[in-house]
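One structure below.
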Protein chains: 2
Amino acid sequence: MAQSRRRIPEASVIRLPVYLRILIEQFEQQVDNISSERLAELAGVNAAKVRKDLSYLGSYGTRGVGYEAEYLIYQIRRELGLTHDWPVVIVGAGNLGQALAGYGGFSERGFHVAGIVDVDDNKIGSVIAGIRIRALDELAKIVSGHEVVIGVVATPADAAQDAADRLIAAGITSILNFAPAVLSVPASVVVRKVDLATELQVLSYYEQRRLTALHSVPTGSTRGASA
Amino acid sequence: MAQSRRRIPEASVIRLPVYLRILIEQFEQQVDNISSERLAELAGVNAAKVRKDLSYLGSYGTRGVGYEAEYLIYQIRRELGLTHDWPVVIVGAGNLGQALAGYGGFSERGFHVAGIVDVDDNKIGSVIAGIRIRALDELAKIVSGHEVVIGVVATPADAAQDAADRLIAAGITSILNFAPAVLSVPASVVVRKVDLATELQVLSYYEQRRLTALHSVPTGSTRGASA
DNA sequence: CGGCGCTCGTGCACGCTTTCACAAAAGCAG
DNA sequence: CTGCTTTTGTGAAAGCGTGCACGAGCGCCG
Ligand SMILES: NC(=O)c1ccc[n+]([C@@H]2O[C@H](COP(=O)([O-])OP(=O)(O)OC[C@H]3O[C@@H](n4cnc5c(N)ncnc54)[C@H](O)[C@@H]3O)[C@@H](O)[C@H]2O)c1
Ligand SMILES: NC(=O)c1ccc[n+]([C@@H]2O[C@H](COP(=O)([O-])OP(=O)(O)OC[C@H]3O[C@@H](n4cnc5c(N)ncnc54)[C@H](O)[C@@H]3O)[C@@H](O)[C@H]2O)c1
């Protein structure tokens, strides 16, 4: 039996939120029990993978029956640290920063915006979805005041490193970076990036391949059903 | 010597856009030649990985010297299919769809918005960054008229499958999905997803771990410098 | 024109991820 | 209680991706 306190492989961690979302949806539709087979189908992955992923949390299934949705939701939440809300601070209140600040899905999934800061005097003071845009030098106050550990970089690329440096100086230990720039940070800080251009360029690669028509279909995890 | 016509591993394809962006930046700063060591540093990865990735394109470096930035830019662009602009159609003109439509980074990187459609009558007809929001049933016309092959899903999750189905019916073969939903599509259609909630939840996992403090630092590709 | 220093290209070994396959466990029916 | 069905949990194998280490090739200098 897998211990709940063992490290979970990154590849599995990335799939857990997908299972979680599906389980919540199913539970809301009065599905109390779900098999790895069914969960795999809904998540667009292999059933063995689902079982192995879930086994990292512990042994929470019932043989011959499946997994109890409600209990599994609780266990995944616990493991992902979603038993409480995480405050998040956003740096850069442009197009994207404002879209994020107003995004309802945030709060539904265990996060809320503790603050949003910008360098532009014309923006400071405006209110987006009930959140006031504040000056860059209030960052430290926001972070320590709300015990924020997660920061979002939504500045232009050339300001991204500066934004990251300020976040780290303020005490942030996890960063989600939307700017197309490589951030250099201390090893203790975790960075994840979301890069729209990269995603489109990957699609472009496969379309390009399709045109030269030497292969039928690209291999990889993104075929067929995809989360 | 690696043939340019061989399939490139997905992991490498994902890094090519990062190298490309860095090379363009360097070239604009009059750097004509760059070593794998330097490129690796800027990309936050291992130098051997850079060389292996680039070797899939062909043998375009010069031993003892490095890579000629301009030529490498051309080769990566060619391989990624970025020698021409790709038209993209967006379904869903909400917060996110509008931010995307107005996003300048799009055009800088080889893509342009051929059209944006929505189901909401109140939105149809409005103009975002010079692009008029059109009705859902104009999708087929937009796609065939501009020979669009890439579609973006920016609708709420419960409309995402419908949006994907319509895109596919219209002739789209690649989809970038921003909705937190698993799309089921024919095997010939490539789907990539961008899931904000997943990213935050992964960060939450590592923060959670940090609190229980049984391990020092999460392992994985996202430590240290990260694109 | 030969030797030297530098950097590429890549074979190879290692570790991580995925998938298969099956014993073990649970429920149910008779 | 026994046997049958179902589905989990997990070893073991296969498949990928990463990083080391080093031979090969290129340019430069003397
Ligand atoms: N808009 C999109 O759809 C989109 C999509 C993908 C990626 N991105 C990326 O996200 C980032 C933001 O995009 P955007 O469209 O919101 O840009 P934007 O120009 O609309 O907004 C950037 C904001 O950051 C602020 N800013 C600049 N320097 C700053 C600093 N040092 N500290 C704090 N704030 C600072 C600016 O005042 C501005 O308000 C960019 O890097 C962009 O490439 C945007
Ligand atoms: N806003 C964000 O920052 C953000 C971040 C990450 C992910 N997302 C996801 O992106 C998606 C869009 O987010 P949003 O904030 O723009 O939502 P939104 O509600 O602002 O916009 C959704 C738009 O889709 C339209 N729509 C609904 N059904 C449709 C259909 N069948 N066909 C075409 N259009 C349809 C609606 O009319 C609306 O204009 C959501 O799935 C959301 O979870 C949003």
Verify salt bridge (charged side-chain N to carboxylate O under 4.0 Å, His left out) between A/D195 and B/R109, making sure each step is shown before the conclusion. CA-CA 12 Å; A/D195 191 338; B/R109 289 160 213 283; over 6 Å; no
Taking any heavy-atom pair under 4.0 Å as a contact, classify B/R38: base, sugar-phosphate, or nothing. nothing
Protein and nucleotides 12-15 of chain C: nitrogen or oxygen contacts under 3.5 angstrom:
{"residue": "C/dC12", "atom": "N4", "partner": "B/K52", "partner atom": "NZ", "Å": "3.3"}

I'd like a table of atom pairs between the protein and nucleotides 3-8 of chain D - only N or O on both sides, under 3.5 Å - with the distance next to each one.
{"residue": "D/dT7", "atom": "O4'", "partner": "A/G64", "partner atom": "N", "Å": "2.9"}
{"residue": "D/dT7", "atom": "O2", "partner": "A/G64", "partner atom": "N", "Å": "3.4"}
{"residue": "D/dT8", "atom": "OP1", "partner": "A/S36", "partner atom": "N", "Å": "2.6"}
{"residue": "D/dT8", "atom": "OP2", "partner": "A/S36", "partner atom": "OG", "Å": "2.6"}
{"residue": "D/dT8", "atom": "O2", "partner": "A/R63", "partner atom": "NH1", "Å": "3.2"}

More than 12 heavy atoms from other groups under 6.0 Å of CZ on B/F27: no
Pair A/V89-A/V152, side chain to side chain contact (heavy atoms under 4.5 Å, CB included): steps then yes or no: CA-CA 6 Å; A/V89 64; A/V152 174; over 6 Å; no
A/D53 and A/Y19 side chains, donor-acceptor separation under 3.5 Å: yes
Residues A/R51 and A/E37 bridged, charged N to O under 4.0 Å: no
Give the nucleotide from the list C/dG9, D/dA21, C/dT18 with an atom nearest to the side chain of B/A48. D/dA21
Atom of A/Y205, atom of B/I8 and distance for their closest heavy-atom approach: OH-N, 3.2 Å
Using atom CG of B/D53 as one end and atom P of C/dT10 as the other, report the distance to the nearest whole Å. 13 Å
What is the distance, rounded to the nearest whole Å, between atom CD of B/E10 and atom P of C/dC16? 21 Å
Heavy-atom closest pair (B/I168 atom, B/P186 atom, distance to 0.1 Å) is CD1-CD, 3.8 Å
Output the rounded distance in Å from CG (B/L72) to C1' (C/dC8). 12 Å
Whole angstrom is fine here: how far is it from OH in B/Y56 over to C1' in C/dT10? 10 Å
Passes side chain to side chain donor-acceptor pair (under 3.5 Å), A/Q75 versus A/Y71? Steps please. CA-CA 6 Å; A/Q75 289 298 340; A/Y71 187 54; 3.1 Å; yes
Test ring pair (Phe, Tyr, Trp, His ring centres under 6.0 Å) on B/Y67 and B/Y60; report intermediate values, then the result. CA-CA 7 Å; B/Y67 299 88; B/Y60 299 131; 8.9 Å; no
Rounded to whole Å, how long is the line connecting atom CG of A/N33 with atom P of C/dA26? 14 Å
For B/N46 and D/dA21, what is the distance between atoms CG and C1' respectively, to the nearest whole Å? 12 Å
